[in-house]
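The block underneath contains the structure these notes are about, expressed in structure tokens.
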Amino acid sequence: MSGRTAIVTGGAAGIGAAISRRLAADGAAVAIFDLDGDAAKAMAASIEETGGKAIGIPVDVTDRAAIDAGVAEVRTRLGRPSILVNNAGLTIAIPFLELTAETWNSALAINLTGTFDCCQAVLPDMLDAGWGRIVNISSSSVHSGAAGLASYVSAKSGVVGLTKVLALEFSRCGVTVNTIPPGFIETPMTRRTADSGFIDLDEQIAKTPVGRIGQPEDIAAACAFLVSDEAGYITGQVIGVNGGRNT
């Protein structure tokens, strides 16, 4: 992956942090986009301490102007991006009849429109290079649904659809687009959801065939393969990483 420049949104914590570390360890220069600019810069510094190359840029994925400015900064500091991992997202748990239009639109803006905007901002660089890799992190909840997560599951389902369309439009240009719907992964967001009482961790582990909660590094490993040269014949696919919870 040496010589490649990657952008990871939501790259300062949880699954995004694991992906940022893995892509840097594999030789890519990594730009970490995160709403928490200090956390993004701290993650970049920790990667550089271990010999990798990374920068942290404060970017709100609901702000197209901020995305465009962030991508322009990446071009200047690291070179034109050819790898994009759309990881930024937010779970909003609310019973359907209590779901307001404002909350619904917020979930779509973070989880779906942010993915759309980042793809549209970075794809011209990939097309000019004749090579690109996009991995959209969706959710295993798109397979089964999840009570109380109408806005989140709807937005992530849109991400899966967007992935398939972009794969068809850009595969002949050397750009592959795939999605990873993570299963039950140990992240700060998962812990907050458990602390709120929305899920029971032990119950979820019991439902997982491999008998453990997934780690962010499990997702990062799959992502690292999908953005490699070796994955050039894989596009438009939904690559589940879920410990067998969905088959």
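Along the sequence shown, the residues carry numbers beginning at 1. When reading the values below, keep in mind they use all heavy atoms of this one structure, side chains included, and skip hydrogens, waters and symmetry mates.
Residues A17 and M43 approach most closely at CB-CE, 3.5 Å, considering heavy atoms. When all heavy atoms of V71 and P81 are compared, the closest pair comes out as CG1-CG, 4.4 Å. Of all heavy-atom pairs spanning G236 and N178, the tightest one is N-OD1, 3.2 Å.
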T176 vs L226, test: side chain to side chain contact (heavy atoms under 4.5 Å, CB included). Steps then yes/no. CA-CA 9 Å; T176 67; L226 289 175; over 6 Å; no
Could you walk me through whether N242 and H143 pass side chain to side chain contact (heavy atoms under 4.5 Å, CB included), step by step? CA-CA 11 Å; N242 53 49; H143 300 298; 5.5 Å; no
The test is side chain to side chain contact (heavy atoms under 4.5 Å, CB included); show your working for R245 and K207 and say whether it passes. CA-CA 7 Å; R245 290 165 64 93; K207 290 180 179 177; 4.1 Å; yes
Can I134 and L123 be said to form a side chain to side chain contact (heavy atoms under 4.5 Å, CB included), step by step? CA-CA 9 Å; I134 297 175; L123 264 164; 4.1 Å; yes
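Criterion: ILVMFWY side-chain heavy atoms under 4.5 Å apart, direct or through other members. Under it, I239 and V175 are not part of a common hydrophobic cluster.
Side-chain contact check for T62 versus T113: every heavy-atom pair is 4.5 Å or farther apart. Side chains of D125 and T5 form no contact here, defined as non-hydrogen atoms less than 4.5 Å apart. Annotation: side chain of W104 is not in contact with side chain of I92 (no heavy-atom distance under 4.5 Å). Two residues are said to be in side-chain contact when any heavy atoms from C-beta on lie closer than 4.5 Å; P181 and V160 fail this criterion. Side-chain contact between F170 and T235 is absent, with no heavy atoms from C-beta onward closer than 4.5 Å. When side chains are defined from C-beta on, S20 counts as touching I47, because their heavy atoms get closer than 4.5 Å. The shortest distance between side-chain heavy atoms of K164 and V238 falls below 4.5 Å. Between C119 and L84 there is a side-chain heavy-atom pair separated by less than 4.5 Å.
Note: F33 CZ to E73 CD = 8.0 Å, rounded to the nearest 0.5 Å.
If you check the side chains of E102 and T100, you find no donor sitting under 3.5 Å from an acceptor. For the residue pair T187 / T190, a side-chain donor-acceptor distance below 3.5 Å is found, with atom types taken as modelled. Residues N136 and T163 bring a donor and an acceptor atom of their side chains to less than 3.5 Å of each other.
Paired with R4 under the rule side chain to side chain contact (heavy atoms under 4.5 Å, CB included), one option of V227, V30, I83 passes, and it is I83. Here the rule is side chain to side chain contact (heavy atoms under 4.5 Å, CB included) with I205, and of D200, V210, I213 only I213 fits it.
Using a 4.0 Å cut-off between charged nitrogen and carboxylate oxygen, D68 and R64 count as a salt-bridge pair.
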